[in-house]
Enquirer: 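Quick one: structure below, then a few questions.
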Amino acid sequence: MAVQAQILKGTRDFLPERMILRQYVTGKLRDVFENFGFEPLDTPAIEYAEVLEGKYGDEADKLIYKFEDRGGRRIGLRYDLTVPLARVIGTHPDLARPFKRYQIAPVWRAEKPQKGRYREFWQCDVDTVGSASSLADAEVVCVAYDALRRLGFRHFKTKINSRKMLAAIAEYIGLSPDQAPAVYRAIDKLDKIGIDGVKEELAECGLNSPLISRLLDLLQVRGDADVVLAQLRTKLADSAMGAQGVDELDEVVRYLRWLGVSESNFEVDFSMVRGLDYYTGPIFETVVEEPKIGSICGGGRYDGLVGLFTNRPTPATGISLGLERIVDVLEELHLGGVPEMKTVTYALVTVFSQDTVGESLRAASELRAADIHTEVFLGKDKLGNQLRYASRKGIPFTIILGPDEIATGKAIVKNIATEEQVTIERAELVDWVLSKHEVLK
RNA sequence: GUGAAUGUAGCUCAAUGGCAGAGCACUGGACUGUGGAUCCAGCUGUUGUGGGUUCGAGUCCCAUCAUUCACCCCA
């Protein structure tokens with residue numbers, strides 16, 4: 001009886017075809033991240049549980065995978081890439097500031113999986129530690145914008161809000177710290193349950209109707225960034241913190257324009273909240289309109305988090321792209337520019353018989369020397385099966401070297417997709433394949 | 001953590017409480033050096049698991065496990 005070939009709920013195998021797409025996506029992201037001067041970083045998958053605990057909020061804390069090792073140490077699997085970054089700054093306080101890094105790595109959350117949600121998934125984070133400038137906030141938003149554009153995304157919107165504006169409201173209403181999260185959550189549901197739904201939820205939070213009216217009034221401010229900010233400035237005029245939040249967003253928006261981020265891809269949205277506790281300033285979240293898969297990108301400023309590990313206040317801001325959601329959307333939309341390679345192999349050299357295998361191997365070596373990914377057929381199958389293998393795997397070119405070709409100094413190259421087959425001089429094999437190779441490179 | 005739906009061949013799915021089937025895939029052949037098309041033949045099962053009702057259960061009931069979807073929360 002074989003062992004059950006089962007994988008854990010919410011986890012997945014990435015078969016080659018999908019893995020090729022994932023690598024394409026992460027490759028593009030890496031290019032964009034480095035283009036803005038962010039440096040690569042990696043951290044352990046496991047951390048001391050205390051490092052992770054108490055950073056995300058009560059709800060999120062419950063979703064941290066934890067276990068005890070043989071020495072009785074309490075271990076946690078990383079829940080995101082932001083807290084480990086804060087820990088890195090504490091571990092290596094001498095890093096030059098601002099410290100700009102990116103990290104593309106898996107994180108784990110003990111949630112119940114559903115569409116677009118997994119227990120093991122990859123995040124692609126870009127963060128700047130040690131800069132309080134709004135330019136740092138705008139820059140990470142711009143990085144995400146560039147990355148999505150370069151992947152072929154067009155219809156997406158980055159919502160921008162400020163925890164300071166939200167806090168101003170909480171303060172004005174007189175919410176206690178344990179009431180605030182519930183109110184935030186109700187606000188955040190606007191898209192999902194509509195204005196009346198939010199009204200009900202707020203009532204359940206214990207707010208009286210004048211307060212609810214004021215909140216709903218704020219939530220319904222819509223329009224261009226400038227218009228929204230101007231209105232919020234008026235409506236939040238009685239709060240110093242609120243005014244500061246508006247000023248900051250004003251700066252972020254100005255920088256975004258200078259950076260060339262299209263007006264159609266961002267908006268100020270007072271109803272966007274984000275769940276994690278550690279955010280302190282501007283917050284961002286990017287949603288794709290067409291397939292409703294939730295947000296593909298989120299982040300914000302967290303000026304208090306790094307200080308927990310360093311004893312000195314350290315401002316920081318960053319953004320995180322969700323790899324699986326991006327890949328899911330790419331697959332669903334079939335966006336142009338995404339290569340449709342099913343295999344990394346470009347050429348298959350067939351083997352006619354034991355007598356000719358040497359010729360096949362020599363040809364394969366020549367192709368590889370020219371950086372053309374080349375397989376030699378492993379087996380003694382008849383030619384039909386060898387072509388069948390190439391066809392099933394989607395290998396673009398098959399090289400046929402039988403006794404006839406070898407005797408006359410020729411080679412047959414067959415394009416499996418187009419059925420075209422040409423006989424060429426054996427000596428020109430590499431150049432011929434190389435000339436076709438350009439297309440896919 | 002809460003709720004709902006679904007578990008039958010490698011995959012997708014059929015079968016009124018009455019002999020477990022089809023398509024795809026796979027293997028061989030038609031085709032001794034040409035795949036993907038067509039035709040022929042073949043292979044494929046503890047109906048998720050454990051109980052119960054019944055003359056008889058894939059089908060009804062209970063439990064359990066798994067998967068999916070939704071809620072909470074989130075990438």
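Values below: every heavy atom of this structure, side chains too, minus hydrogens, waters and symmetry copies. Sequence lines set the chain letters: A, B, ... in the order given, protein chains first and strands last, and positions in each chain run from 1.
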Enquirer: Identify which nucleotide among B/C26, B/C72, B/G33 has an atom closest to any side-chain atom of A/Arg388, counting heavy atoms from C-beta outward.
Expert: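 Closest nucleotide to the A/Arg388 side chain: B/C26.
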Enquirer: Using a cut-off of strictly less than 4.0 Å, decide whether A/Lys62 has a side-chain nitrogen or oxygen near OP1 or OP2 of B/C72.
Expert: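 For B/C72, OP1/OP2 do not have a side-chain N/O of A/Lys62 under 4.0 Å.
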Enquirer: Would you kindly check whether a donor in the side chain of A/Arg117 faces an acceptor in the base of B/C69, or vice versa, at under 3.5 angstrom?
Expert: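 Absent.
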Enquirer: Classify the side chain of A/Glu405 and the base of B/G33 as holding, or not holding, a donor-acceptor pair under 3.5 Å.
Expert: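 Yes, a donor-acceptor pair under 3.5 Å.
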Enquirer: Give a yes-or-no answer on whether the side chains of A/Arg22 and A/Thr26 include a donor-acceptor pair shorter than 3.5 Å.
Expert: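 No - no donor-acceptor pair under 3.5 Å links their side chains.
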Enquirer: Can you tell which of B/A75, B/G33, B/C74 lies closest to the side chain of A/Ile412?
Expert: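 For the A/Ile412 side chain, the nearest candidate turns out to be B/G33.
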Enquirer: With rounding to the closest Å, how many angstrom separate the P atoms on B/A9 and B/G58?
Expert: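 Roughly 14 Å separates the two P atoms.
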Enquirer: Between P on B/C71 and NZ on A/Lys189, what's the gap in Å once rounded to a whole number?
Expert: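 Value for this atom pair: 10 Å.
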Enquirer: Report yes or no: do A/Tyr389 and A/Asp381 form a side-chain donor-acceptor pair below 3.5 Å?
Expert: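 No donor-acceptor contact under 3.5 Å links the two side chains.
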Enquirer: Indicate, with a heavy-atom threshold strictly under 4.0 Å, whether A/Gly298 touches base, sugar-phosphate, or nothing.
Expert: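 Counting heavy atoms under 4.0 Å across all strands, no contact is made by A/Gly298.
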Enquirer: Is the distance between the ring centroids of A/Phe14 and A/Trp122 under 6.0 Å?
Expert: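 So the answer is no for these two rings.
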Enquirer: Assuming nearest nucleotide by heavy-atom distance, tell me which of A/Glu420 and A/Glu285 is located more 5' along RNA chain B.
Expert: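 With A/Glu420 and A/Glu285 compared, the 5'-side residue is A/Glu420.
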Enquirer: In whole Å, measure the gap between the C1' atoms of B/G52 and B/U59 for me.
Expert: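 The answer is 15 Å between these two C1' atoms.
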Enquirer: Using the C1' atom on both, measure B/U16 against B/A20 and round to a whole Å.
Expert: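 Comparing C1' positions in B/U16 and B/A20 gives a spacing of 16 Å.
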Enquirer: Any base atoms under 4.0 Å from A/Gln114, or only sugar-phosphate, or nothing? Heavy atoms, all strands.
Expert: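 Touches a base.
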Enquirer: Ion pair present between A/Glu53 and A/Lys66, side-chain N to carboxylate O less than 4.0 angstrom?
Expert: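 Salt bridge flag = yes for A/Lys66 with A/Glu53.
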Enquirer: Tell me the interatomic distance from A/Phe153, atom CZ, to B/A75, atom C1', rounded to whole angstroms.
Expert: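 Distance, rounded to whole Å: 13 Å.
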Enquirer: With a 4.0 Å cut-off on heavy atoms, is A/Ile296 in touch with a base, just the backbone sugar-phosphate, or nothing at all?
Expert: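 Sugar-phosphate contact only.
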Enquirer: Compute the ring centroids of A/Phe38 and A/Phe33, then answer whether they are less than 6.0 Å apart.
Expert: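 Centroid distance A/Phe38-A/Phe33: not below 6.0 Å, so no.
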Enquirer: Give the nucleotide from the list B/G33, B/C74, B/U2 with an atom nearest to the side chain of A/Ile400.
Expert: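 Ranking B/G33, B/C74, B/U2 by closest atom to the A/Ile400 side chain puts B/G33 first.
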Enquirer: What integer distance in Å separates A/Asp355:CG from B/G33:P?
Expert: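 For the pair A/Asp355 CG and B/G33 P, the rounded distance is 14 Å.
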Enquirer: Applying a 3.5 Å limit to both distances, which nucleotide forms a Watson-Crick or G-U wobble pair with B/A4?
Expert: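 Paired with B/U68.
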Enquirer: Within the modelled atom types, does a donor on one side and an acceptor on the other bring the side chain of A/Ser391 and the base of B/G36 under 3.5 Å apart?
Expert: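 Looking at the base of B/G36, it does not pair with any donor or acceptor on the side chain of A/Ser391 (distance under 3.5 Å).
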Enquirer: Suppose you measure atom P in B/G29 against the same atom in B/U34; what distance do you get, rounded to whole Å?
Expert: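 B/G29 and B/U34 have their P atoms separated by 13 Å.
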Enquirer: Under 3.5 Å, is there any donor-acceptor pair linking the side chain of A/Gln421 to the base of B/U34?
Expert: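 Between B/U34 and A/Gln421, which were checked side chain against base, a qualifying N/O pair under 3.5 Å is present.
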Enquirer: Within the structure shown, what part of the strands sits under 4.0 Å from A/Ser320 by heavy-atom distance: base, sugar-phosphate, or nothing?
Expert: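 Nothing, no heavy atom under 4.0 Å.
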Enquirer: Any donor-acceptor pair, under 3.5 Å, between the side chain of A/Glu419 and the base of B/G36, if you only look at N and O atoms?
Expert: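 Such a pair exists between side chain and base.
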Enquirer: Would you check, one step at a time, whether the test side-chain hydrogen bond (donor to acceptor under 3.5 Å, both in side chains) holds for A/Tyr255 with A/Asp137?
Expert: CA-CA 9 Å; A/Tyr255 285 129; A/Asp137 297 297; over 6 Å; no
Enquirer: With a 3.5 angstrom cut-off on both distances, give the Watson-Crick or G-U wobble partner of B/U59, or none if there isn't one.
Expert: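 Because no pair has both required distances under 3.5 Å, B/U59 counts as unpaired.
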Enquirer: Give the rounded distance in Å between these two atoms: CD1 of A/Ile326 and P of B/A75.
Expert: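 It works out to 13 Å between those atoms.
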Enquirer: By nearest heavy atom, map A/Leu321 and A/Leu8 onto RNA chain B; which one lands nearer the 5' end?
Expert: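 Going by which nucleotide is closer to the 5' end, it is A/Leu8.
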Enquirer: Nearest whole angstrom, please: distance from the C1' of B/A66 to the NZ of A/Lys112.
Expert: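 These atoms are roughly 12 Å apart.
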Enquirer: Does the side chain of A/Ser133 pick up a donor-acceptor pair with the side chain of A/Ser131 at under 3.5 Å?
Expert: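 On atom types as modelled, these side chains do not qualify, holding no pair under 3.5 Å.
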Enquirer: Write down the partner of B/C24 under the Watson-Crick or G-U wobble criteria, each distance required to be under 3.5 Å.
Expert: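 B/G10 - that is the nucleotide pairing with B/C24, both distances being under 3.5 Å.
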Enquirer: Does the side-chain ring of A/Tyr389 sit on the six-membered ring of the B/G35 base, less than 5.5 Å centre to centre and under 30° in tilt?
Expert: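 A stacking contact does not exist, since A/Tyr389 is not both close and nearly parallel to the base ring of B/G35.
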Enquirer: Give one of base, sugar-phosphate or nothing for A/Phe352, where a contact means two heavy atoms less than 4.0 Å apart.
Expert: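 The residue A/Phe352 makes base contact.
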Enquirer: Which nucleotide sits closest to the side chain of A/Leu387: B/A75, B/C69, B/G35?
Expert: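 So the nucleotide nearest the side chain must be B/G35.
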Enquirer: Quick one: label A/Arg109 by what it contacts on the DNA or RNA (base, sugar-phosphate, nothing), any heavy atom closer than 4.0 Å.
Expert: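 Base, at least one base heavy atom under 4.0 Å.
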Enquirer: Decide yes or no, distance alone: a donor-acceptor N/O pair under 3.5 angstrom between the base of B/U34 and the side-chain of A/Lys382.
Expert: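 When only heavy-atom distances are counted, A/Lys382 does not reach the base of B/U34 through any donor-acceptor pair under 3.5 Å.
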Enquirer: We want to know whether A/Glu34 and A/Tyr102 form a side-chain donor-acceptor pair, criterion being a heavy-atom distance below 3.5 angstrom.
Expert: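 The criterion, which ignores hydrogens and geometry beyond distance, is satisfied for A/Tyr102 and A/Glu34.
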Enquirer: Under 4.0 Å, counting only non-hydrogen atoms across every strand here, what does A/Gly116 touch: a base, just sugar-phosphate, or nothing?
Expert: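 If one applies the 4.0 Å heavy-atom cut-off, A/Gly116 turns out to touch a base.
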Enquirer: Find the distance A/Glu201:CD to B/C72:P and express it as a whole number of Å.
Expert: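 Going from CD in A/Glu201 over to P in B/C72 covers 8 Å.
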Enquirer: Report the distance from atom OH of A/Tyr79 to atom C1' of B/C74, rounded to the nearest whole Å.
Expert: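 The answer, rounded to whole Å, is 6 Å.
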Enquirer: From C-beta outward on A/Lys9, which listed nucleotide comes closest to its side chain: B/U67, B/C72, B/U2?
Expert: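 Given the options B/U67, B/C72, B/U2, the side chain of A/Lys9 is closest to B/U67.
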Enquirer: Determine the contact category for A/Asn385: base if any of its heavy atoms lies under 4.0 Å from a base atom, sugar-phosphate if only primed atoms, P, OP1 or OP2 are that close, otherwise nothing.
Expert: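 The residue A/Asn385 makes no contact with any strand.
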Enquirer: How far does the C1' atom of B/C69 sit from the matching atom of B/C24, given to the nearest Å?
Expert: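 Result for the C1' pair: 27 Å, nearest Å.
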Enquirer: Counting only side-chain heavy atoms from C-beta out, which of B/A75, B/C69, B/C74 sits nearest to A/Glu324?
Expert: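 The answer is B/A75.
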Enquirer: Between B/A57 and B/C72, how many Å separate the two P atoms, rounded to a whole number?
Expert: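 Going atom to atom, P in each nucleotide, I get 44 Å.
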Enquirer: Under a 3.5 Å threshold, yes or no: a donor from one side chain and an acceptor from the other, between A/Thr43 and A/Gln103?
Expert: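 Judged by distance alone, the side chains do pair up.
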Enquirer: Could you tell me how far B/C65 sits from B/U49 if I compare only their P atoms? Round to whole Å.
Expert: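 My reading of the P atoms in B/U49 and B/C65 gives 15 Å.
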Enquirer: Determine which nucleotide pairs with B/G36, using a 3.5 Å limit on both distances of a Watson-Crick or G-U wobble pair.
Expert: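 Answer to the pairing question: none, since B/G36 forms no Watson-Crick or G-U pair.
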Enquirer: Using atom P of each nucleotide, how far apart are B/U38 and B/C43 to the nearest Å?
Expert: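 Straight-line distance between the two P atoms is 22 Å.
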Enquirer: Separation of A/Asp381 atom CG from B/G35 atom C1', in whole Å?
Expert: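 Rounded to whole Å, this separation is 12 Å.
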